[in-house]
Amino acid sequence: YESTVYPGTTEEECIPVLEEKSGLEAGKDFHIGYSPERINPGDREHNFTTIKKVVSAQDENTLAIIADVYAAVVTAGVYKATTIKVAEAAKIIENTQRDLNIALMNELSVIFRKMDVDTGDVLDAAATKWNFLPFRPGLVGGHCIGVDPYYLTYKAESLGYSPEVILAGRRINDGMGEYVCELVRSNIADIDISECVVTILGITFKENVPDIRNSKSIEIIKILQDEGIRVQVYDPMADGQVFYEHSGTRLLKKEELLPSDVIVLAVAHQEFVHDGWMGIMPLLKDNTGVVVDVHRILDKTLIPENIKLLRF
């Protein structure tokens with residue numbers, strides 16, 4: 001097994017099902033191992049062969065076989081976990097740790113905005129210390145980081161423990177879509193809603209991938225549309241048909257976009273990073289409006305006139 005699961009799933013849930021359906025006995029007729037997937041979608045540096053593979057199994061002989069198989073193709077090597085539960089736990093805390101660190105950055109971003117302090121400037125200054133962790137605020141979607149912590153909290157609650165920190169982080173990150181909508185609302189108060197146009201740039205769950213599962217951009221679109229705001233969407237990576245089936249909204253080509261009052265730069269696709277302000281300005285009404293830069297890819301020192309830039 002390679003899927004991210006709570007500790008105990010392989011042995012407590014999967015093995016009994018395999019035994020029941022096959023009529024065979026685990027550890028005798030077949031043997032089980034677990035090696036969590038660690039692929040980072042869109043990352044060309046860290047891939048299957050360059051990420052150390054954690055392996056585990058129900059017995060030493062099976063562990064040796066699994067380790068040898070992966071070692072034959074994974075140049076980064078393998079790490080033999082002491083038990084299957086340890087390997088399951090190691091994977092799930094990788095995603096949970098990242099979720100919590102981003103949640104902290106998101107909460108700081110909200111606080112610093114109220115103080116009129118630039119979060120990016122703060123993080124750049126703090127990063128001069130050797131042990132500062134370089135996490136940044138942003139929208140947390142996808143089928144891993146935004147989901148996996150709940151597997152762990154479910155198991156904890158089933159054992160009588162109520163997690164606090166993990167769920168607090170989840171609440172913060174789950175609320176960032178609404179936070180973006182609030183930034184939009186507060187900056188269109190003087191615009192007739194019936195005439196307001198908001199453009200969302202990027203609807204995949206992360207940059208440079210086509211995957212839209214659990215995308216926070218889709219949540220933003222739905223909230224704004226429910227409030228009567230006209231929302232149009234462009235994403236150079238996403239599949240238009242898949243997006244329409246998920247959201248009921250048509251993905252537009254760049255040339256089809258109407259001039260906008262607000263642009264939400266939600267995903268840091270390479271196209272958006274490369275184009276910078278030159279890609280943003282033609283999309284606004286009379287070169288005037290509000291830009292919400294979620295991933296801080298626009299240079300704030302080059303803000304054109306009549307543009308209000310809001311950065312996480």
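For Y79, the OH atom is loosely surrounded, since the number of other residues' heavy atoms within 6.0 Å does not exceed 12.
Hydrophobic clustering, defined by side-chain heavy atoms of Ile, Leu, Val, Met, Phe, Trp and Tyr closer than 4.5 Å, leaves W130 isolated from every other such residue. Chaining together hydrophobic side chains whose heavy atoms lie under 4.5 Å apart leaves L258 on its own. Applying the 4.5 Å side-chain rule to ILVMFWY residues, one finds that I223 remains a lone member of its cluster. Through direct or relayed side-chain contacts under 4.5 Å between Ile, Leu, Val, Met, Phe, Trp and Tyr, W277 connects to L201, Y234, L252, L257, I263, L265, F272, V273, I280, M281, L283, L284, V291, I297, L298, L302, I303, I307, L309.
Looking at R296 and D118, a side-chain N of the basic residue comes within less than 4.0 Å of a carboxylate O on the acidic one, giving a salt bridge. The pair R171-E107 does not count as a salt bridge, with every side-chain nitrogen at least 4.0 angstrom from each carboxylate oxygen. Comment: K206 does not engage D211 in a salt bridge, judged by the lack of any side-chain N to carboxylate O separation of less than 4.0 angstrom. Comment: K253 does not engage E256 in a salt bridge, judged by the lack of any side-chain N to carboxylate O separation of less than 4.0 angstrom. Checked for salt-bridge contact, E227 and R185 meet the test: a charged N lies under 4.0 Å from a carboxylate O.
For Y70, the side chain to side chain donor-acceptor pair (under 3.5 Å) partners are E2, not counting sequence neighbours. Scanning for ring pair (Phe, Tyr, Trp, His ring centres under 6.0 Å) contacts around F112 gives an empty result, with sequence neighbours left out.
Under a 3.5 Å cut-off, the side chain of K222 and the backbone N or O of S247 do not form any donor-acceptor pair. Formation of a donor-acceptor pair under 3.5 Å by the N173 side chain with backbone atoms of D99 is found in this model.
Taking CD of E45 as the reference point, atom CD1 of I51 lies at 9.5 Å (rounded to 0.5 Å). Rounding to the nearest 0.5 angstrom, the gap separating the CG atom in L63 from the NE2 atom in H31 is 12.5 Å.
Legend: side chain to side chain donor-acceptor pair (under 3.5 Å) pairs involving residues 284-294, not counting sequence neighbours, sorted by first then second residue: D261-K285. Applying the ring-ring contact (aromatic ring centres under 6.0 Å, His included) definition to pairs two or more places apart or across chains, those involving residues 166-204 are Y179-F312.
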Item checked: side chain to side chain contact (heavy atoms under 4.5 Å, CB included) assessment of F205 paired with N214 -> CA-CA 7 Å; F205 85 88; N214 196 29; 5.9 Å; no

Check: After noting the C-alpha distance and the side-chain angles of S109 and N106, does the key distance pass the side chain to side chain donor-acceptor pair (under 3.5 Å) rule?
Finding: CA-CA 5 Å; S109 180; N106 280 332; 5.8 Å; no

Note to self: Could you walk me through whether E271 and K254 satisfy the salt bridge (Lys or Arg N to Asp or Glu O under 4.0 Å) test, starting with their C-alpha distance in whole Å, then the side-chain angles of each, then the deciding distance to 0.1 Å, before giving a yes or no?
What the structure shows: CA-CA 12 Å; E271 176 182 312; K254 186 180 290 187; 3.0 Å; yes

Donor-acceptor contacts, no H, no angles, side chain residues 84-91, under 3.5 Å, sequence neighbours left out:
| from | atom 1 | to | atom 2 | distance (Å) |
| --- | --- | --- | --- | --- |
| K85 | NZ | E12 | OE2 | 3.4 |
| E88 | OE1 | G8 | N | 2.6 |
| E88 | OE2 | T10 | N | 2.9 |
| E88 | OE2 | T10 | OG1 | 2.6 |
| K91 | NZ | E37 | O | 3.0 |

Return all side-chain donor-acceptor pairs below 3.5 angstrom for residues 235-244, not counting sequence neighbours, or 'none' if the list is empty.
| from | atom 1 | to | atom 2 | distance (Å) |
| --- | --- | --- | --- | --- |
| D235 | OD1 | M237 | N | 2.7 |
| D235 | OD1 | A238 | N | 3.0 |
| D235 | OD1 | H269 | NE2 | 3.1 |
| D235 | OD2 | I203 | N | 2.6 |
| D235 | OD2 | T204 | N | 3.3 |
| D235 | OD2 | H269 | NE2 | 3.0 |
| D239 | OD1 | Q241 | N | 2.9 |
| D239 | OD1 | V242 | N | 3.0 |
| Q241 | NE2 | E245 | OE2 | 3.1 |

Residues 136-150 side chain polar contacts: donor-acceptor under 3.5 Å, at least two apart:
| from | atom 1 | to | atom 2 | distance (Å) |
| --- | --- | --- | --- | --- |
| R136 | NH2 | D124 | OD1 | 2.8 |
| H143 | NE2 | R213 | NH2 | 2.9 |
| D148 | OD2 | N95 | ND2 | 2.5 |
| Y150 | OH | D174 | OD2 | 2.8 |

Ignoring hydrogens and angles, write down the donor-acceptor pairs under 3.5 Å from the side chains of residues 19-28, residues two or more places apart or on other chains.
| from | atom 1 | to | atom 2 | distance (Å) |
| --- | --- | --- | --- | --- |
| E19 | OE2 | A26 | N | 2.8 |
| S22 | OG | L18 | O | 2.6 |
| S22 | OG | L24 | N | 3.1 |

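By the rule that hydrophobic residues join a cluster once side-chain heavy atoms approach within less than 4.5 Å of another member, F132 and L108 end up as members of one cluster. Note on V267: it does not cluster hydrophobically with V233, by side-chain heavy-atom contacts below 4.5 Å among ILVMFWY residues. I111 and I172 end up in different hydrophobic clusters when Ile, Leu, Val, Met, Phe, Trp and Tyr side chains are linked at under 4.5 Å.
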